Amino acid sequence: MTEKYRVMVVGCGHVGLVTGASLAHIGHQVVCVDKNEERLSALTEGRVPFYEPGFGEFLAQSGSRLQFTTELAPAVREVDMVFITVDTPQGKDGSADLSNVATVARTIGRVLSGSHREHPLIVVNKSTVPVGSGDYVSMLIRDGAEEVGDGNANFLVASNPEFLREGTALYDSLFPDRIVVGADSRETLDSLRALYKPIIEQSFSTELDPRPKVAIPFVTTDLASAEMLKYAANAFLATKISFINEISNLCEMVGADVGSVAYGIGLDRRIGSRFLSAGIGWGGSCFPKDVAALRSMAYEYEGYQPMLLDAVVAVNERQRKHVISKLQRELHTLKGKRITLLGLSFKPNTDDLREAPSLKIAHALHSLGARVVGYDPVAGKATMMRSPGMLKVVFDPYEALAGAHAAVVVTDWDEFRALDLERAASLMHKPPLLVDGRNALDVREVEAAGIRYRGFGHG
Ligand code: UGA
């Protein structure tokens, strides 16, 4: 028998909503809280504030097990656990800004002060926070309790980092590679194991993944290690991409093919084949922010320079510039040239533009005097609002390509692999050029259509 918990999730962003919907799906009673009234009223009408294939339908199936409110305080009294999933944006010095987490923790403290609970409230940090934040949250809850009473608050703190990818967050939540929980008490670890039991045992009903079910590793550790583990995971993945991008640049110099190299090294199980796609580098709301936060944690220690992380970032910044130099090599001056960006979101299956390479590349091209046109299957409107004047957004890929001296694949949406290349060639300025920033298209097919192809890491 699975124990049913009453859970509150604070922060209805991607992580909060996916966590809330998944916990409701496995049988818990969930209330999602967000101070943004507009967002909440959209959610109660079934409208999701981000793009993820299939998530809207999944959310709609939650029924009364999933509720929404803007009122944090009353809900705290009713629940067994609170998940903090508010955002921790990057501060000016690269460190994570914890003000949203702090506000929630203080409010919880104020509500808990003097309230007589049978069991301690378990406060679970899911937001990505610097190492030591678990203790910081405890301190703030006690501060909040002192503001209105004697400081007595019955609670326990845990860290439960998320490893959800945008675009497939729901899938990652229900079928994770592992669940990690850090806490200082056995009681907390046991409660979280009980909460996640249906996921750990893969015993919940779903048609989302037909593969045979295998139990999910449940990793328990102390608070600080769980917090560091999240940063280390993202930093390692970012390092893997910067590593293959460095190799890709060397491949270009010596006349080797990075695709074959990545395939061959990836078969070594110590290396693994995923996250070895070379191209214009990593972006999004997580890798840039988390690598910056980890670097800034390191710089807090006198005399320590995180050399590997510094290089990982430097390689990533250089990759974006390679797009410009590839265009310049072929087209010479970019003044007055029409350049089409295919894909604007930071990766496919999301409309997220945070740290999207498209905006940086558009900015650089614009300042070199090029006329930039962009197309994206879902992020077109959002781009128009973010970058007025810098690039013209159109809503049809062939319209975007008409008259273009060059096209750049910035995001590897499947739609671009299915482009009618002959039609594209006939619409583009002659001779047409394609710079494939994701090595997503087949070079032979592109060249067969009469388009010059320039990828990353080919001799
Ligand atoms: C990432 C992690 O993959 C998640 O595990 C983590 O939970 C999440 O950050 C987070 O911290 O919230 P996400 O940012 O959604 O997820 O995107 P990824 O699919 O990891 O891609 C990140 C970037 O790397 C994208 O810009 C992508 O285009 C790029 N990438 C990825 C490459 O350039 N090459 C690759 O081989 C793979």
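Keep in mind it's a predicted model, so treat the numbers as computed, not measured. Just follow the structure's listing: the first ligand is 1, and inside any ligand the first atom is 1.
In this structure, a donor-acceptor pair under 3.5 Å is absent between the side chains of Asp97 and Gln90. Of the N and O atoms on the side chains of Tyr453 and Asp436, at least one donor lies less than 3.5 Å from an acceptor on the other residue. Checked by atom type, the side-chain pair Tyr196/Glu201 shows no donor-acceptor distance below 3.5 Å. In the model, Trp282 has no side-chain atom that pairs as donor or acceptor with a side-chain atom of Asn245 under 3.5 Å. For the residue pair Asn160/Asn125, the side-chain donor-acceptor check at 3.5 Å is not satisfied.
Ser95 places no side-chain N or O within donor-acceptor distance of the main-chain N or O of Ala293, the cut-off being under 3.5 Å.
Ligand 1 lies under 4.0 Å from heavy atoms of Glu162, Phe163, Leu164, Arg165, Glu166, Lys230, Asn234, Ile241, Phe275, Leu276, Ser277, Gly281, Trp282, Gly283, Cys286, Phe287, Asp290, Phe346, Lys347, Arg438.
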